[in-house]
4 protein chains.
Amino acid sequence: MRPETIEQIFQSAVEVFAHSGFERAKMDEIARRAGVAKGTIYYHFKGKEELFVALMNDGMERIMDQLRRRMEVTEDPVHQLEGLLEGLVEYLYHNGTFAKLLISESWGSIERQHEFRARLRELVELIEDVLGRGGARGCFLPVKGHDTAVAIFGAASVAVLQDLFRDPDEKPAPEERIGEMADHLKQLIYKGVVASRSGK
Amino acid sequence: MRPETIEQIFQSAVEVFAHSGFERAKMDEIARRAGVAKGTIYYHFKGKEELFVALMNDGMERIMDQLRRRMEVTEDPVHQLEGLLEGLVEYLYHNGTFAKLLISESWGSIERQHEFRARLRELVELIEDVLGRGGARGCFLPVKGHDTAVAIFGAASVAVLQDLFRDPDEKPAPEERIGEMADHLKQLIYKGVVASRSGK
Amino acid sequence: MRPETIEQIFQSAVEVFAHSGFERAKMDEIARRAGVAKGTIYYHFKGKEELFVALMNDGMERIMDQLRRRMEVTEDPVHQLEGLLEGLVEYLYHNGTFAKLLISESWGSIERQHEFRARLRELVELIEDVLGRGGARGCFLPVKGHDTAVAIFGAASVAVLQDLFRDPDEKPAPEERIGEMADHLKQLIYKGVVASRSGK
Amino acid sequence: MRPETIEQIFQSAVEVFAHSGFERAKMDEIARRAGVAKGTIYYHFKGKEELFVALMNDGMERIMDQLRRRMEVTEDPVHQLEGLLEGLVEYLYHNGTFAKLLISESWGSIERQHEFRARLRELVELIEDVLGRGGARGCFLPVKGHDTAVAIFGAASVAVLQDLFRDPDEKPAPEERIGEMADHLKQLIYKGVVASRSGK
DNA sequence: TATGAATGAGCCTTCATTCAT
DNA sequence: AATGAATGAAGGCTCATTCAT
């Protein structure tokens, strides 16, 4: 009757998992913040693990949706990559919570972590595809797709995280930072850092 | 240099922390692998936290040493950046264990994580300095130092991790991959991905 | 006689209690098998305990009915005892479920268990009466009634249980086994095991 | 160093398990009675289940020892059976705790219960062997071994339990009752209940 | 009558840490 | 220096029961 309850648990879980990481997160805390009894969580989710995975899948779907939508507005791979970078930075910045989990819970051999990397690979493939299409059209250099795509993802996500977790008092307006960071990333990824290219 | 026992604990701790992450790592397991009694660890280290921090500091010192040594061989910022990238990839690849902890335990508000990010900032500053010097000399584009440096670090470390944690059966020879990956990163970071630059 | 819903709950409860014992039995499971919502059980029964007691009382009534009916067909205590043994074995064998609960939930100091033993005592008294009447008529040895009656009940019920819970693949036809076991019990209880009796 | 601790846990566990049954028994209570911290139990036993099984195995070993010793004093199967009955009644009476668990936790399909019945079968085989040897020598009637042996065990154990759990105020001296009950069982099992056998 | 979402006390188990030896 | 038995706080999960609909 009330999908409301599930939604509350979900919201609360995102916050708590993000704040504490999977291991330190306490079901008690999630329940408290959601304003439900502990048992209620277990009525809707099989356990901590399932709740977490449901959460991450949800997050991954959202980000993939956003990125795909960004890419549909143009056919030009260069613009598409631009959209990807902006979308990625924007989403991660607004869901720092999710960004943190994505980066910190993706490495390891636990089942959950396997599933995670699989999802992450989808995102990387999105980037890879753009690079591939652009390479075919001659508007991108012939880069080695996968490694480069992963590197681009790593650059964006770590940059966002580092920004989110710096001393809270010196943080500039988020919206401004998002634009700034996306620009810096675009510059790095589009042109690289080396100046003189004629002589090379 | 270090007494036998401590060294064994250290080695064992690296393995266990890397395999399980900080939270899942058990002091029991560390003691078992080190071949010492659990109490012995507490004789040498104040607790789990201290052991972990000591470990990470050690790791950070080693990587910083390696990177600094790489940079001393030349004065040319372009070559220095090359050395940095190679050194970073090489070290992280050989110490995947450390790479994983570095990336997954750096974000959060626990004391230990603060200390971590502080250390990481040192590494980023190393990159930033090179970019700065290169920019001053005109051999680098005038990039926004900090963001770009973080992005470069993120690109390298996530790329290495993704490689280390992919399906174990399709892994090529490590040494080969290290060269390859460093090359791909260098290309990305040096030239970017966009092809036509004539108009610029 | 009983309304549909209650009957379904009853049937389901018998199965679940028998399969899992009182403690391990879950109201959820009982409701599921009965095809009703969990709340429905609580609409008809005060709780788990009451449901269980109702069940056992029902079982005890049935078995007592069956045994009493068996005894009415003759006046001869020897034949009556025969009927008791056959009836007991037959009933327990066909209601292994009940047999198990009877034997395993009867010992302890919880209220429910007291009530149980009280019921069981009724059954034992039935046997005791037959032995008493037979002793008065001279067709039974002058045995100490209560102990012997309990022993007879124990012999029959444990024999049946042991048979019901042995490896499922080597089980012979139930009907056959019932006759067999009743015979063995009759022989034991009628003649005992010692051979030479002339010299005594 | 201190097998003392384990012994205390063992003793306490026997009491608690017997008083409450496996499911209702609380590790907290066992620890409290043993005078140790809860964790101490888990230092020595893997869990509740293992503790319980260890307990039961210990009990079974003790009873088998006692019964085997009883049987060694004579070669005559009739005397041996006498020893078995006396030993069984005596042991169960003195370890009502164990008797209860034996009878109430032996039926079911959980792993632990399988193991239990297996152990119980050993005991039954002891009886079966005596009956077999006696039958071969002609001092026992040619009874069907297994069923009869199970029935004898059931008779003895249920008789003891019924006695142990009757109203506490009307209990006679234990030692006296043990002798009495063993006698009643011997009479039942040796001669049966039917009086006139000449005419039959 | 019947439902099923919600509850929360209760329990088993884990594990970092201590300390007597 | 080293040991390992003992500790106990903490946390995930279960499940009988309630109640608004």
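Below, chains carry the letters A, B, ... as their sequence lines are ordered, and counting in each starts from 1.
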J.: So C/A25, base contact, sugar-phosphate only, or nothing? Heavy-atom distance under 4.0 Å.
T.: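 Sugar-phosphate contact only - C/A25 comes under 4.0 Å of backbone atoms but never of a base.
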J.: Give a yes or no on whether the backbone of A/F17 and the side-chain of A/K100 come within a donor-acceptor separation of less than 3.5 Å.
T.: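 The answer is no, because no donor-acceptor pair under 3.5 Å joins these two groups.
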J.: From the list E/dT7, F/dG12, E/dT17, which nucleotide is the closest neighbour of the side chain of A/M27?
T.: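 Selected nucleotide (nearest to the side chain): F/dG12.
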J.: Between C/E23 and A/K38, just flag the one whose closest nucleotide in DNA chain F comes earlier from the 5' side.
T.: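 Nearest nucleotide further toward 5': that of A/K38.
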J.: Would you indicate, yes or no, if F/dC13 has its OP1 or OP2 atom less than 4.0 angstrom from a side-chain nitrogen or oxygen of A/Y42?
T.: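 Checking F/dC13 against A/Y42, a side-chain N or O does come within under 4.0 Å of OP1 or OP2.
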J.: Whole angstrom is fine here: how far is it from CD1 in A/I30 over to C1' in F/dG11?
T.: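 In whole Å, F/dG11 C1' and A/I30 CD1 are 12 Å from each other.
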J.: Whether the side chain of B/K26 and the base of E/dT14 hold a donor-acceptor pair under 3.5 Å is what I'd like checked.
T.: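 For B/K26, whose side chain was compared with the base of E/dT14, there is no donor-acceptor pair (under 3.5 Å).
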J.: Is it the case that B/R117 places NZ or CZ above or below the six-membered ring of A/F165, under 6.0 angstrom from the centre and within 45 degrees of the axis?
T.: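 No.
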J.: So A/G39, base contact, sugar-phosphate only, or nothing? Heavy-atom distance under 4.0 Å.
T.: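 A/G39: base contact, heavy atoms under 4.0 Å.
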J.: Tell me what C/K48 touches on the nucleic acid: a base, only sugar-phosphate, or nothing, going by heavy atoms under 4.0 Å.
T.: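 Sugar-phosphate, backbone atoms only, no base.
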J.: Taking for each residue the nucleotide of DNA chain F bearing the nearest heavy atom, is the 5' side occupied by C/E49 or by A/R24?
T.: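 So the residue in question is A/R24.
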J.: For the residue pair D/A18 and D/T97, what are the closest heavy atoms and their distance?
T.: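 Looks like CB-OG1, 2.9 Å.
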J.: Looking at B/T5, I'd like to know whether one of its side-chain N or O atoms comes within less than 4.0 Å of OP1 or OP2 on F/dA2.
T.: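 Answer yes for this pair, as a side-chain N or O of B/T5 is under 4.0 Å from OP1 or OP2.
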J.: What I want to check is whether the side chains of C/Q11 and C/E15 have a donor and an acceptor closer together than 3.5 Å.
T.: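 Checked: C/Q11/C/E15 side chains show no N/O donor-acceptor pair below 3.5 Å.
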J.: Which sits closer to the 5' end of DNA chain E, D/K46 or C/A37, going by the nucleotide each is nearest to?
T.: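 It is C/A37, whose closest nucleotide lies nearer the 5' terminus.
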J.: Roughly how many Å is it from CZ in D/F22 to C1' in E/dC11, rounded to a whole number?
T.: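 Interatomic distance, CZ of D/F22 to C1' of E/dC11: 12 Å.
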